[in-house]
Amino acid sequence: MTEETPEKTLRVATYNVHGCVGTDGQRSELRIAEVIGDLSVDIIGLQELDLSRQRSAGVDQAGLIAEQLGWHRHFHAAMQWGEEHYGHAILSRYPMMLLRSACLPGDPPFFCREDRAALAMEIATGLGAVQVINTHLGLGQRERLLQAELLTSADWLDSTSRGAPLILLGDFNSLPGSRPH
C-alpha cells in the first residue's frame, strides 16, 4: 500500500462586503472576518471597504478584518474625500508585495458616480509565488468594457507578470457571456 500525499491547493475567494453592512443593516467587521474564516480560503479580494470614513466610525475595515484573521492585508483607495477613503483590499495568509495599483478608466453612469481601481499583489504562498489582481468594475456597460480591456491589456499584464500564475478577483458587475466577462 502506498501512502498518498495530500493534494496541494490554494483557495481563493472574492467578497463585496458593502461597507461591512449586513442584510440586517448592521455594520460588523467581526462578522465579515467570521464569514471569511468559515470559507477556509488562503487569499481573498474584498470590495467596498472604508478607511477612516465617518459612516463606519472612522475605522480601518480591512485592517480590523485582517487583524481578526491574523492575516496580511493591502488596501487601495478608489476614492478619497479628505481623510476618508473607500476602496478594496487583498487579504492573505501569506506575505504580499505590491506590484501595481491604478485607477481604471471610464465615465461612470449618472446613477453611480463611483471611481474604480485595481490592485495587483504578488503573494508568496506555500505553492510558490502567485499574482493576484482585485478590482471592482463599474456599473456602466461601456465603462466596464474599457476597464476589462485595460486589465487584460499587454500594458497591465506585462507590468505585473513575473512568470507566476495570475488570479483575477473582484466584483465584475458582469454577466457570463457579456463582453467584459
Side-chain angles (χ1 to χ4, degrees), residues 10-106 108 112-126 129-139 143 147 150-151 156 159-160 164 166-173:
L10 182 69
R11 293 178 50 103
V12 299
T14 188
Y15 186 7
N16 184 328
V17 299
H18 300 285
C20 298
V21 176
T23 55
D24 60 0
Q26 300 299 308
R27 181 182 60 82
S28 175
E29 294 79 15
L30 177 60
R31 278 195 309 195
I32 299 296
E34 289 172 353
V35 168
I36 294 168
D38 289 345
L39 291 174
S40 298
V41 297
D42 301 300
I43 299 167
I44 191 161
L46 301 177
Q47 302 83 39
E48 297 192 18
L49 291 161
D50 291 346
L51 172 62
S52 301
R53 289 195 65 190
Q54 191 172 28
R55 76 173 185 173
S56 54
V59 302
D60 173 356
Q61 292 183 318
L64 288 175
I65 295 165
E67 184 178 304
Q68 185 69 31
L69 295 166
W71 287 14
H72 303 272
R73 70 151 182 325
H74 188 89
F75 173 84
H76 177 73
M79 297 191 299
Q80 182 175 347
W81 310 270
E83 297 299 314
E84 295 189 8
H85 305 270
Y86 172 79
H88 47 274
I90 296 175
L91 279 59
S92 169
R93 295 179 188 274
Y94 306 103
M96 301 186 293
M97 177 181 72
L98 178 65
L99 294 175
R100 182 175 185 180
S101 58
C103 294
L104 297 178
C112 184
R113 293 283 178 203
E114 187 174 314
D115 294 335
R116 305 300 174 152
L119 168 66
M121 303 293 292
E122 183 167 282
I123 304 175
T125 75
V130 174
Q131 294 165 12
V132 176
I133 298 172
N134 183 29
T135 191
H136 187 185
L137 300 183
L139 296 179
E143 176 187 27
Q147 294 163 352
L150 174 71
L151 291 173
W156 181 271
S159 71
T160 58
L166 174 66
I167 302 168
L168 176 62
L169 302 172
D171 181 343
F172 304 139
N173 284 316

Kindly compute the distance separating [atom1] ([X]) from [atom2] ([Y]), expressed to the nearest 0.5 Å.
X      : Y      : atom1 : atom2 : answer
His136 : Leu169 : NE2   : CG    : 13.5 Å
Asp42  : Arg93  : CG    : CZ    : 5.5 Å
Leu99  : Ile133 : CG    : CD1   : 8.5 Å
Asn173 : Arg116 : CG    : CZ    : 6.0 Å
Ile90  : Ile43  : CD1   : CD1   : 8.5 Å
Leu46  : Thr14  : CG    : OG1   : 7.5 Å

Quick one: do Thr135 and Leu104 satisfy side-chain contact (heavy atoms from CB on, under 4.5 Å)? Show the steps, please. CA-CA 9 Å; Thr135 191; Leu104 297 178; 3.2 Å; yes

Can Leu49 and Arg73 be said to form a side-chain contact (heavy atoms from CB on, under 4.5 Å), step by step? CA-CA 12 Å; Leu49 291 161; Arg73 70 151 182 325; over 6 Å; no

Test applied, side chain to side chain donor-acceptor pair (under 3.5 Å); reference residue, Asp50; option that passes from His85, Arg55, Arg27: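 Per the side chain to side chain donor-acceptor pair (under 3.5 Å) rule, the option paired with Asp50 is Arg55, out of His85, Arg55, Arg27.
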
Is a side-chain N or O of [X] found less than 3.5 angstrom from the main chain of [Y], in a donor-acceptor match?
X      : Y      : answer
Asn134 : Ala89  : yes
Ser52  : Glu84  : no
Glu143 : Pro105 : no
Gln80  : Gly82  : yes
Arg11  : Ser40  : yes

Which heavy atom of [X] sits nearest a heavy atom of [Y], and at what distance?
X      : Y      : answer
Ala164 : Ala129 : CB-O, 3.4 Å
Cys20  : Ile65  : SG-CD1, 3.9 Å
Leu150 : Trp156 : O-CB, 3.2 Å
Ile123 : Ser92  : CG2-OG, 3.3 Å
Ala33  : Leu69  : O-CD2, 3.4 Å

Does any non-hydrogen side-chain atom of Gln147 lie less than 4.5 Å from one of Phe172?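 Of all side-chain heavy-atom pairs linking Gln147 with Phe172, none is under 4.5 Å.
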
Contact check, side chains of Gln61 and Phe75, non-hydrogen atoms, under 4.5 Å: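 Result no, sub-4.5 Å side-chain heavy-atom pair not found.
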
Basic-acidic side-chain contact under 4.0 Å: Arg31, Asp24: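 Yes, Arg31 and Asp24 are salt-bridged.
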
Evaluation steps, side-chain contact (heavy atoms from CB on, under 4.5 Å), between Tyr94 and Leu10: CA-CA 11 Å; Tyr94 306 103; Leu10 182 69; 4.0 Å; yes

side-chain contact (heavy atoms from CB on, under 4.5 Å) between Val41 and Val12, intermediate numbers included: CA-CA 5 Å; Val41 297; Val12 299; 5.9 Å; no

